[in-house]
Structure formats: C-alpha cells, structure tokens
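These notes concern the structure reproduced below.
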Amino acid sequence: MSSHSEKTLSDLKNINIIISDINRQFSDKTGIINVKDMAFLWGAVAIQCVRWILIPTFDITTLTPSTADRKDSSSEGKKDKTATGKELDKNKEERDEKKYPDHKHLILLPVPYDAMKGTEDIVIPGVTEYGKQIYSKNHHSATLGHDPLIGQIIGTANILTRSITFHDSTLTTRKVEILSGRNQIVVKEPSYSIPNMIDDLIETLQEDNSRIVTALLKENLHLQSDKYTKTGLPIPLLSANLQQKLLDCKWNSKELEAVLKGAIKGIAINFLVSLIINTIVGTLHGFCYNEQHDENLKLYSVRTSKLIATSSVIAESINLAAVSAGTIAGVLTENEKLIKKSISHLDIGGIIEAIHQIFKSKTIQEEIRREFLEQELFNRFTSNRYSFLEESRYE
C-alpha cells in the first residue's frame with residue numbers, strides 16, 4: 001500500500017477529529033473579532049440605539065387611561081331592567097318548566113355571571129374576602145364570564161347552563177336562580193362544579209345545538225356593553241388579583257386595546273427602520289471586502305451576517321436594560337412621567353428585527369459551513385499532501 005493511501009486511511013479513521021478541526025478553522029475564518037468588523041458592529045449598535053431613542057414605540061398620551069367615554073354601569077343595567085323583568089315574571093311558569101333556557105330566555109335573561117347575591121363565602125385574594133358579597137367594582141375580575149377571551153368559552157357555557165364560574169384557584173362554579181324580575185342569586189346548595197356544568201352543557205346542546213349561537217351572541221353583546229362602563233372589562237388572561245389592581249388604576253381591556261392599536265404604527269416604523277439600517281450596514285461591509293486580506297467572499301458574507309445579528313442583539317439588550325432601569329426608577333420615585341417615557345421606548349419592532357437577523361445569520365452560517373466542510377474534506381482526501389493528522393501536529 002502506498003504511503004499516500006496509508007495516510008488517507010489513517011485520516012478516514014479519524015474523521016471526527018478532522019471535521020472538528022475544519023469547523024474550528026471555519027469559526028476562525030468567519031470570526032468578527034477584528035478592527036474592521038468591530039468598527040461596523042459598534043457603529044451599527046450606536047445607530048440602532050439612536051433610532052429607538054428618536055422613534056418611541058408608544059405614544060405617551062395612550063399610556064394614560066382615559067375615562068371620558070366610560071358610562072355608569074348601573075344606568076346601563078337599568079335600561080331594559082323593568083321591561084325584561086316584567087316579561088320574565090309574566091312567563092315565570094313557562095321558564096321554570098324548562099331545565100335549560102331556550103332561545104327566547106337566553107336573550108331575555110340577564111347573564112348569570114352578573115349575580116352577586118349569595119357570594120359571601122367566595123374568597124379571591126386581592127378581590128373579595130370571606131363574608132363580603134361581590135359587588136359592582138370587583139365582579140368583573142371575580143367572574144370568568146367577564147374575561148374578554150376566556151369568557152368566550154366559560155361565559156357562553158355559563159349562559160347556556162345558568163351558572164357562574166368564579167376566578168379563584170379552583171374555578172368554583174355554582175347555579176344561579178332568578179327570584180323575581182331580574183334579581184339573581186347564587187345557589188350554594190346543591191353543590192355544583194365545572195364537571196356538572198359540562199354535563200349540563202352537553203345536555204342542553206343535545207336538546208338544541210343552535211342554542212350555542214344565541215348564547216355566544218348574548219356573551220359578546222354583554223361584553224361589548226360592559227366594555228364602556230366605568231370599570232370596564234379586565235385585561236384578559238391575568239390573575240384575578242392583578243386584573244383588579246389594574247382596574248383600580250383605571251386600566252382595562254379597552255385601554256390596552258387603545259395602546260396596542262397606537263403601538264402598531266410605532267412597531268412597524270421601528271421594524272422597517274431597523275431593517276433598513278441593517279441592510280445599509282451589510283451593504284457597506286460588503287463594499288469593504290478585500291480579496292487579499294478577507295479570503296473567500298462567502299466566508300466574508302458570514303462575517304457580515306454575524307456582525308449584523310450581534311449588533312442587533314446588543315442594541316436591543318441596551319434597550320431592554322434602559323427601559324427596565326427607567327421604569328424601576330420611576331416606580332421607586334413615584335415618577336409617573338418617567339415610567340411612561342421609559343415604557344414608550346420599548347423597542348418591540350427592533351426586537352422582532354433582531355430575532356429575524358439571528359435566524360437569518362444562523363441559516364447563512366450553516367449553509368456556508370457545510371460547503372466549506374465539503375470542500376475541505378474533498379481537498380484533503382484527494383490531495384497528495386501530508387496527512388492531515390501530521391499537519392495538525394505542527395500547526
């Protein structure tokens with residue numbers, strides 16, 4: 001066997017070591033720890049930071065809850081109370097004959113999760129205590145039927161089964177009865193729970209599956225009405241305690257919706273400007289390619305993508321640190337203006353672009369790394385030079 005064949009066979013037996021060394025060489029050749037790349041990186045970081053400072057994501061005015069268009073919940077409830085109450089009383093026998101409300105009564109009956117009488121034993125930390133009934137100012141956070149998202153399921157099920165589900169740790173669920181007119185009471189006995197409600201839900205829909213459409217319509221009409229009351233609907237998917245704290249501070253789902261709508265423009269602008277900055281930096285870095293000093297153009301493009309992704313991550317890390325520091329300082333000093341100003345600069349658009357650049361860089365890097373690996377393996381196993389393992393000893 002020739003000396004070259006023996007060396008090739010030896011290299012094949014140690015292929016893992018060879019591949020590891022080629023990957024190390026690729027990493028070295030595409031590293032950005034050099035004067036030119038560092039200048040571009042920190043220049044890009046500086047420009048991105050100037051961007052999110054000059055273009056805030058949120059309008060500060062939207063970060064202040066507005067109560068101008070809020071209505072008195074009691075007056076809202078009184079609008080149809082007399083008329084529907086008389087109608088319900090007139091048809092009480094008809095209604096009581098039915099185990100579950102039909103279409104007419106689904107519309108006429110008040111939503112069961114508005115019931116407050118009989119809730120003295122319901123305990124929800126930060127919302128209601130034992131011995132005190134739920135009342136108008138906390139019943140939105142205390143009942144899941146009022147959650148703008150969860151209510152689409154739980155609230156609709158409550159309406160169909162004349163039940164109420166509380167926003168506590170065990171999701172306490174009970175039946176609700178109408179005493180007279182529209183006056184409702186939460187029934188403690190016999191015991192009732194989520195599984196019971198599911199059984200009743202299946203049974204009423206077996207009687208008439210189209211009831212779910214009426215109940216869902218009733219749910220959304222009620223939420224739409226409550227959305228503009230003084231308290232408003234809670235911000236969805238939060239704990240009852242946090243929902244109530246925010247409601248006490250005049251923050252509800254409508255206010256959050258206004259902030260998010262206002263932020264869409266800021267997010268879009270920051271994303272586009274961040275993308276343009278990265279494109280310009282990448283183009284300028286490409287113009288600076290020097291065939292003698294930078295070797296392969298494809299390896300150089302990996303360096304370009306690395307420095308763009310890295311600069312984006314650094315700029316957004318600075319943004320998060322600055323926003324956090326400003327917000328905390330505002331909270332500690334009770335400076336509401338500083339809190340709003342800090343939050344307004346949260347660079348959501350830039351963060352989205354940074355994530356985009358990370359994935360883009362990883363894709364480019366992996367594609368070119370594979371090409372580099374294949375080429376190097378081909379060169380090493382088809383050339384007549386000394387064994388790779390021998391060469392590596394002297395490097």
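Just so it is clear, the model here is predicted, and its values are computed rather than measured. All residue numbers in this chain count up from 1 along the given sequence.
Under a 4.0 Å N-O distance rule, the pair Arg51/Asp347 qualifies as a salt bridge. Here Lys99 pairs with Glu203 in a salt bridge; the nearest charged N to carboxylate O distance falls below 4.0 Å. Residues Glu120 and Lys188 are paired through a salt bridge, judged by an N-O separation under 4.0 Å between the basic side chain and the carboxylate. Classification of Asp121 and Arg174 as a salt-bridged pair holds, one side-chain N sitting under 4.0 Å from a carboxylate O. Residues Glu255 and Lys250 are not paired through a salt bridge, judged by the lack of any N-O separation under 4.0 Å between the basic side chain and the carboxylate. Using a 4.0 Å cut-off between charged nitrogen and carboxylate oxygen, Glu366 and Arg369 count as a salt-bridge pair.
Ring-centre distance between His105 and Tyr100: not below the 6.0 Å cut-off.
Just one of Val176, Val111, Val187 meets the side chain to side chain contact (heavy atoms under 4.5 Å, CB included) condition when paired with Ile164; it is Val176. Checked against Leu233 for a side chain to side chain contact (heavy atoms under 4.5 Å, CB included), the options Asn252, Leu223, Leu256, Leu247 give a single hit: Leu223.
The ring pair (Phe, Tyr, Trp, His ring centres under 6.0 Å) check on Tyr192 picks up nothing, with sequence neighbours excluded.
Using modelled atom types, one side-chain atom of Thr57 and one backbone atom of Leu346 make a donor-acceptor pair closer than 3.5 Å. In this structure, Thr173 contributes its side chain and Leu171 its backbone to a donor-acceptor pair below 3.5 Å.
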Quick one: do Leu246 and Gln243 satisfy side-chain contact (heavy atoms from CB on, under 4.5 Å)? Show the steps, please. CA-CA 5 Å; Leu246 290 169; Gln243 283 182 340; 6.0 Å; no
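Taking the six-membered ring where the residue is Trp, His146 and His222 present tilted rings, their angle falling between 30° and 60°.
When only modelled atom types and interatomic distance are considered, Asp147 and His140 share no side-chain donor-acceptor pair under 3.5 Å.
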